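To start, the structure itself, in structure tokens.
These numbers come from a predicted model, not from an experiment.
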Amino acid sequence: MAKGGLLAQERTFAAYLKTVKTWVDTHPSEVLTILIVNSDKLPPMQWQAVYQSAGMDTVSLSPTSASLTKDAWPTLGETIDSGKRVVTYLDTQADFTQLPYIIDEFSNMWETPFDVAEASFPCSVNRTSSNDPTSQLSLINHYLDKTVTIGTTTFPAPDTDQLAVTNATSGSGWLGVEVQTCIAAHGAPPNFLLVDFYEFGGGSVFQVAANIY
């Protein structure tokens, strides 16, 4: 999953999406999920303009309704066959009636806590707009932060010293362990694994994902 707190500069995002579109076109058997953190609370039609400029609207999946249960989503095979192989979620300001391929995140999935600074990763439901998260897709925020202070300002930042551990397959605080925690707590593995710096761990992030199903 690609996650970005994308800036309001449309040209920057459009350039990124053009690169993504090239990748999608050259990998016809792949499905790509994009999660946009809409920190600037941009309206749906502003996203439409950028998607259209990159040609991404032609390959983006529009679900049958604004909110689907986890069992109602098309399978990977069905998604590939449809040609609509990009699934985009927006964490705020999505509007199905205006732009159905920019999908509201929290009416369709729940997330675990984010910006955590200790490595227990309990796989608990933290953010959702649903009264029944058991019917939703799920996403785990498996990245470890540390507290950084500059002057009088304190904020979370990635704990890069722990990346090889955090992204690993087994052991305390490791990605593979949180997946197993989710299975024990919710009866199913998470649908999405969101990590920082996936390249750390010698491919362990992909190994964990491949072992889920």
Side-chain angles (χ1 to χ4, degrees), residues 1-112 114-115 125-133 135-141 143 190-196 198 209:
M1 166 169 281
K3 178 180 180 181
L6 297 167
L7 303 177
Q9 290 92 336
E10 293 182 9
R11 287 179 296 177
T12 301
F13 187 34
Y16 167 74
L17 284 184
K18 287 177 181 177
T19 300
V20 172
K21 178 61 162 55
T22 299
W23 186 91
V24 170
D25 289 343
T26 56
H27 295 79
S29 296
E30 301 290 343
V31 174
L32 178 69
T33 299
I34 300 174
L35 171 58
I36 301 172
V37 177
N38 191 15
S39 302
D40 298 306
K41 300 188 183 303
L42 302 180
M45 303 314 289
Q46 197 161 343
W47 297 109
Q48 180 185 47
V50 182
Y51 266 62
Q52 287 178 340
S53 72
M56 286 283 282
D57 58 315
T58 63
V59 293
S60 291
L61 175 71
S62 295
T64 55
S65 65
S67 177
L68 296 177
T69 64
K70 60 186 177 183
D71 295 326
W73 286 90
T75 65
L76 284 175
E78 291 168 343
T79 304
I80 292 168
D81 291 343
S82 75
K84 307 297 185 180
R85 297 180 290 107
V86 176
V87 185
T88 301
Y89 294 98
L90 190 67
D91 71 335
T92 184
Q93 307 299 314
D95 187 334
F96 183 77
T97 61
Q98 292 189 48
L99 195 60
Y101 61 79
I102 301 294
I103 305 164
D104 180 66
E105 179 190 3
F106 292 115
S107 62
N108 287 284
M109 75 173 75
W110 59 265
E111 283 193 12
T112 61
F114 63 101
D115 287 341
V125 178
N126 178 255
R127 292 192 293 173
T128 180
S129 62
S130 173
N131 293 323
D132 180 20
S135 68
Q136 293 185 297
L137 300 172
S138 58
L139 178 150
I140 59 172
N141 289 299
Y143 53 91
N191 299 100
F192 301 104
L193 315 177
L194 197 156
V195 302
D196 266 348
Y198 68 88

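- Between the CG atom in Leu17 and the CH2 atom in Trp47 there is a gap of 8.5 Å [rounded to 0.5 Å].
- Between the side chain of Lys41 and the backbone N or O of Gln93, no donor-acceptor pair lies under 3.5 Å.
- Side-chain atoms of Met109 and Lys70, non-hydrogen and from C-beta on, never get closer than 4.5 Å to each other.
- With contacts defined as side-chain heavy-atom distances shorter than 4.5 Å, the pair Thr79/Trp73 does not qualify.
- How far OG of Ser65 is from CZ of Phe96: 6.0 Å, rounded to the nearest 0.5 Å.
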- [ ] Begin from the C-alpha positions of Ile103 and Asn108 and carry the test side-chain contact (heavy atoms from CB on, under 4.5 Å) through to its verdict.
- [x] CA-CA 8 Å; Ile103 305 164; Asn108 287 284; 3.4 Å; yes

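- In this view, Asp81 satisfies the salt bridge (charged side-chain N to carboxylate O under 4.0 Å, His left out) rule with no residue, not counting sequence neighbours.
- Put simply, the side chain of Arg85 reaches to within 4.5 Å of the side chain of Val24, judged on heavy atoms.
- Put simply, the side chain of Thr112 does not reach to within 4.5 Å of the side chain of Val125, judged on heavy atoms.
- To the nearest 0.5 Å, atom OG1 of residue Thr88 and atom CD1 of residue Ile102 are 4.5 Å apart.
- Pro44 and Ala94 get closest at one heavy-atom pair: CG-C, 4.4 Å.
- Using a 4.5 Å heavy-atom threshold, the side chains of Lys21 and Val59 count as touching.
- Using a 4.5 Å cut-off on side-chain heavy atoms (C-beta onward), Gln136 and Phe106 make no contact.
- For the pair Thr33/Tyr89, a side-chain contact is recorded, criterion being any heavy-atom separation below 4.5 Å from C-beta on.
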* To do: Report the C-alpha separation of Lys84 and Tyr101 in whole Å, then their side-chain angles, then the decisive distance to 0.1 Å, and conclude whether the side-chain contact (heavy atoms from CB on, under 4.5 Å) test is met.
  => CA-CA 10 Å; Lys84 307 297 185 180; Tyr101 61 79; over 6 Å; no

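- A donor-acceptor pair under 3.5 Å is absent between the side-chain atoms of Gln52 and the main chain of Ala49, judged by distance alone.
- Rounding to the nearest 0.5 angstrom, the gap separating the CD1 atom in Ile140 from the CD atom in Glu111 is 11.0 Å.
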| task | Please step through side-chain contact (heavy atoms from CB on, under 4.5 Å) for the pair Leu32 and Val87, ending with a clear verdict. | result | CA-CA 6 Å; Leu32 178 69; Val87 185; over 6 Å; no

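- A donor-acceptor pair under 3.5 Å links the side-chain atoms of Asp91 to the main chain of Asn38, judged by distance alone.
- We find the OG1-CD1 distance between Thr92 and Ile36 to be 12.0 Å, quoted to the nearest 0.5 Å.
- By the 6.0 Å contact criterion, OH on Tyr198 is open, its count of non-hydrogen atoms from other residues, nucleotides or ligands being 12 or less.
- Note that CD of Glu105 and CG of Leu139 are 6.5 Å apart. Values are rounded to the nearest 0.5 Å.
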inquiry  = side-chain contact (heavy atoms from CB on, under 4.5 Å) for Tyr51 and Ser60? Distances and angles first, verdict last.
reply    = CA-CA 9 Å; Tyr51 266 62; Ser60 291; 3.8 Å; yes

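- Within the 4.5 Å cutoff, the side chain of Asp57 has no heavy atoms near those of the Gln48 side chain.
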